[in-house]
Amino acid sequence: LGSWYLARSNRPADTENLPYESEHQGYYLKSARILGTDIDGSLLYEIEAEHAEQQAKDRIEFTDVRIRYSPDANIPWIVHADEATLREGSPRIALRGHVRAVGTSGDEDEDTEIRTQYLELDPERFVAETDERVQIRIGARSLTATGMLASLNDNKVELKSNVRGKIAP
């Protein structure tokens, strides 16, 4: 009887009252590939990442990310970044660390490359935006600015401020 009482009294307290979660409730993926569709359900874009992990109920973190549009979408842009965050209920993907967006035109001398440290991409609306310093190269021409709004389906870029450039003939 005494052993039973001691064993019962040394039992851990109810785990529901702990101030922390005893185990991670999310998921993680290695070599992740997530597909985005348009309103018709057709493939619009894909996100490929070396690692994806659910950090909270409404947030997924990616590392070593590549986002590209479906060939059927006719949007010739591929976006690379060290890290990305996707939040539930938000169509925007926040990309961080060595962000590089490359748009191909068929002529290698006229390919467009956008580099920045932070970029928000709305793949469903084909919009990329940043308030950070950005460098844009089109062939041998180069521009830098602070802030940018790009419409990827129209191949239009609006630079916000501090624009400087080097245009070679």
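The residues of the chain are indexed from 1 along the displayed sequence.
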Please find the pair of heavy atoms, one from [X] and one from [Y], that lie closest to each other, and give the distance.
X    : Y    : result
V163 : A145 : CG2-CB, 4.0 Å
L119 : A128 : CD1-CB, 3.9 Å
P91  : P123 : O-CD, 3.4 Å
A49  : T63  : CB-O, 3.6 Å

Checking [X] side chain against [Y] main chain: does a donor-acceptor pair fall under 3.5 Å?
X    : Y    : result
D154 : K156 : no
T130 : Y118 : yes
T146 : E132 : no

- Salt bridge between E129 and R92, side-chain N to carboxylate O under 4.0 Å? yes
- Message: Please determine whether a side-chain nitrogen of the Lys or Arg among E46 and R33 lies less than 4.0 Å from a carboxylate oxygen of the Asp or Glu.
- Response: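 The answer is yes: the pair qualifies as a salt bridge.
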- Between T85 and R96, do the side chains contain an N or O donor and an N or O acceptor separated by less than 3.5 Å?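 Indeed, the side chains of T85 and R96 share at least one donor-acceptor pair under 3.5 Å.
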- For N155 and W77, test the side chains for any donor-to-acceptor distance below 3.5 angstrom and give the result as yes or no. yes
- Message: Would F62 and L86 count as a side chain to side chain contact (heavy atoms under 4.5 Å, CB included) here? Give the steps.
- Response: CA-CA 8 Å; F62 300 93; L86 180 61; 3.8 Å; yes
Output the distance between atom [atom1] ([X]) and atom [atom2] ([Y]), rounded to the nearest 0.5 Å.
X    : Y    : atom1 : atom2 : result
T144 : R115 : OG1   : CZ    : 14.0 Å
R87  : K57  : CZ    : NZ    : 15.5 Å
I67  : E48  : CD1   : CD    : 10.5 Å
L44  : Y69  : CG    : OH    : 6.0 Å
L95  : T116 : CG    : OG1   : 10.0 Å
S70  : I75  : OG    : CD1   : 10.0 Å

Does a sphere of radius 6.0 Å around [atom1] in [X] hold more than 12 heavy atoms from other residues, nucleotides or ligands, not counting ones at 6.0 Å or beyond?
X    : atom1 : result
N74  : CG    : no
R164 : CZ    : no
L35  : CG    : yes

- Query: Using 30° and 60° as the class limits, which term best fits the ring planes of H51 and Y28: parallel, tilted or perpendicular?
  - Reply: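 It falls in the parallel class, under 30°.
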- Message: What verdict does the side chain to side chain contact (heavy atoms under 4.5 Å, CB included) test give for I93 and I47, after you've listed the backbone C-alpha separation in whole Å, the side-chain angles of each residue and the deciding distance to 0.1 Å?
- Response: CA-CA 10 Å; I93 303 167; I47 302 171; 3.6 Å; yes
- Query: side chain to side chain contact (heavy atoms under 4.5 Å, CB included) between V157 and M148: does it pass, once the steps are laid out?
  - Reply: CA-CA 7 Å; V157 176; M148 172 206 73; 3.6 Å; yes
- Look at the side-chain heavy atoms of Ile, Leu, Val, Met, Phe, Trp and Tyr, link any pair under 4.5 Å apart, and say whether V127 and V79 land in one connected group. no
- Hydrophobic cluster identity match, F126 and V102, side-chain contacts under 4.5 Å: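 Cluster IDs for F126 and V102 differ.
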- Message: Walk me through whether K160 and E158 qualify under salt bridge (Lys or Arg N to Asp or Glu O under 4.0 Å).
- Response: CA-CA 6 Å; K160 295 182 179 180; E158 177 185 321; over 6 Å; no
- Item | salt bridge (Lys or Arg N to Asp or Glu O under 4.0 Å) evaluation trace for E50 with K30 | CA-CA 6 Å; E50 185 66 31; K30 290 185 176 186; over 6 Å; no
Evaluate the side-chain proximity of [Y] to [X]: yes if any heavy-atom separation is below 4.5 Å, no if none is.
X    : Y    : result
L152 : L121 : yes
Q117 : R133 : no
L143 : L159 : yes
I114 : V134 : yes

- Could you go step by step and tell me if R66 and I78 meet the side chain to side chain contact (heavy atoms under 4.5 Å, CB included) rule? CA-CA 7 Å; R66 181 177 75 171; I78 299 174; 3.7 Å; yes
